[in-house]
Amino acid sequence: MLKFVFTASFLVFCSLVSFGQTTNKNFAVSQTKETSYVNGEDDLYSFIFKHLKYSEEAKAKKIEGEVMVSFFVEKDSSISSIKILRDMGYGCGDSIRALFKTIKYVPAQENGVAVRSNVMVNIPVRSH
């Protein structure tokens, strides 16, 4: 009789454990799409190189390097909270910040819904 009670208890316990693991909540699939520049990354750099204004001092010293910029892409494709994380000086960071205020991105998506996302970009600077 003790074996029967133990076996029945074990079977009830196993069925409860397996029932708890088959809920749909555990199998939710999240589809995401990363944020991107409207026409692709190559087009972004082409736009930046074409429109970036260098200060006279930067041109005279022929500076080279990278500026790292961070910003948020909002649900409506606009850019906000532009921060220069690494600047070379000579007004390069300010010029890049002003330029990014005019750029539009495709917002990131989660399950088909646009979401706010953070982006960091390294911009090569060649003032000659």
Side-chain angles (χ1 to χ4, degrees):
M1 180 73 170
L2 186 59
K3 282 185 179 181
F4 176 73
V5 172
F6 178 74
T7 304
S9 298
F10 180 74
L11 290 174
V12 169
F13 175 75
C14 289
S15 65
L16 289 175
V17 170
S18 66
F19 176 75
Q21 293 179 353
T22 59
T23 62
N24 289 338
K25 189 168 129 180
N26 292 337
F27 296 106
V29 176
S30 176
Q31 297 176 345
T32 60
K33 182 178 177 186
E34 295 294 321
T35 188
S36 62
Y37 182 66
V38 177
N39 296 321
E41 191 172 303
D42 291 338
D43 219 28
L44 170 66
Y45 287 110
S46 294
F47 177 83
I48 291 170
F49 295 142
K50 183 177 180 181
H51 294 93
L52 186 60
K53 306 289 185 212
Y54 295 102
S55 68
E56 291 303 319
E57 187 178 12
K59 290 178 191 176
K61 293 192 178 197
K62 297 182 180 181
I63 62 165
E64 291 186 12
E66 287 187 344
V67 173
M68 182 183 286
V69 61
S70 170
F71 54 89
F72 283 95
V73 177
E74 301 295 338
K75 296 176 188 180
D76 66 354
S77 300
S78 64
I79 293 179
S80 66
S81 303
I82 302 167
K83 294 180 184 174
I84 303 301
L85 302 177
R86 185 176 52 222
D87 193 356
M88 299 174 46
Y90 304 103
C92 292
D94 293 333
S95 296
I96 289 173
R97 183 187 338 244
L99 187 59
F100 267 86
K101 289 180 181 178
T102 67
I103 293 176
K104 295 284 186 187
Y105 263 70
V106 176
Q109 292 187 356
E110 286 184 8
N111 294 325
V113 178
V115 294
R116 184 179 197 230
S117 61
N118 184 258
V119 178
M120 288 193 304
V121 180
N122 282 322
I123 309 296
V125 174
R126 311 283 181 264
S127 65
H128 46 88

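Note that these values count all heavy atoms, side chains included, but never hydrogens, waters or copies made by symmetry.
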Answer whether the closest heavy-atom distance between the side chains of Val125 and Tyr54 falls below 4.5 Å.
yes

Same apolar cluster: Leu52 and Ile103, side chain cutoff 4.5 Å
yes

May I ask you to check whether over 12 heavy atoms, not counting those of Glu34, lie within 6.0 Å of atom CD?
no

Heavy-atom pair of closest approach, residues Pro107 and Thr35:
CA-OG1, 4.0 Å

As an exercise, state the distance from OG of Ser78 to NZ of Lys101, rounded to the nearest 0.5 Å.
13.0 Å

Are Leu85 and Ile123 linked, directly or through intermediate hydrophobic residues, by side-chain heavy-atom contacts shorter than 4.5 Å (ILVMFWY only)?
no

Kindly work out whether a path of hydrophobic side-chain contacts (I/L/V/M/F/W/Y, heavy atoms less than 4.5 Å apart) joins Val115 to Phe71.
no

Euclidean distance, Glu110 CD relative to Lys33 NZ, rounded to 0.5 Å:
13.5 Å

Are the side chain of Ser95 and the backbone N or O of Gly91 linked by a donor-acceptor pair below 3.5 Å?
yes

Could you check if a side-chain atom of Phe100 sits within less than 4.5 angstrom of a side-chain atom of Ile84, using non-hydrogen atoms only?
no

Value for CZ (Arg86) from CE (Met68), rounded to nearest 0.5 Å, stands at 4.0 Å

Quick note, ring-ring contact (aromatic ring centres under 6.0 Å, His included) partners involving residues 75-94, not counting sequence neighbours, are none

Phe72 with Val69, same ILVMFWY side-chain cluster at under 4.5 Å:
no

Between Gly93 and Val67, what is the shortest heavy-atom contact and its length?
CA-CG1, 4.4 Å

To the nearest 0.5 Å, tell me how far Lys59 NZ sits from Lys53 NZ.
8.5 Å

What closest approach, in Å, do Arg116 and Lys75 show between heavy atoms, and which atom pair accounts for it?
N-CG, 4.1 Å

Is there a continuous path of hydrophobic side-chain contacts, each under 4.5 Å between heavy atoms, that joins Ile82 to Phe47?
yes

Any non-hydrogen side-chain atom of Glu41 less than 4.5 Å from a side-chain atom of Val121?
no

Supply the atom-to-atom distance Asn122 CG to Glu66 CD, rounded to the nearest 0.5 angstrom.
4.5 Å

From Leu99 CG over to Asp94 CG, what is the distance, rounded to the nearest 0.5 angstrom?
12.5 Å

Describe, in one word, how the ring planes of Tyr105 and Tyr37 are oriented to each other, choosing from parallel (under 30°), tilted (30 to 60°) and perpendicular (over 60°).
perpendicular

Does Arg126 use its side chain to pair, donor to acceptor, with the backbone of Gly65 at less than 3.5 Å?
yes

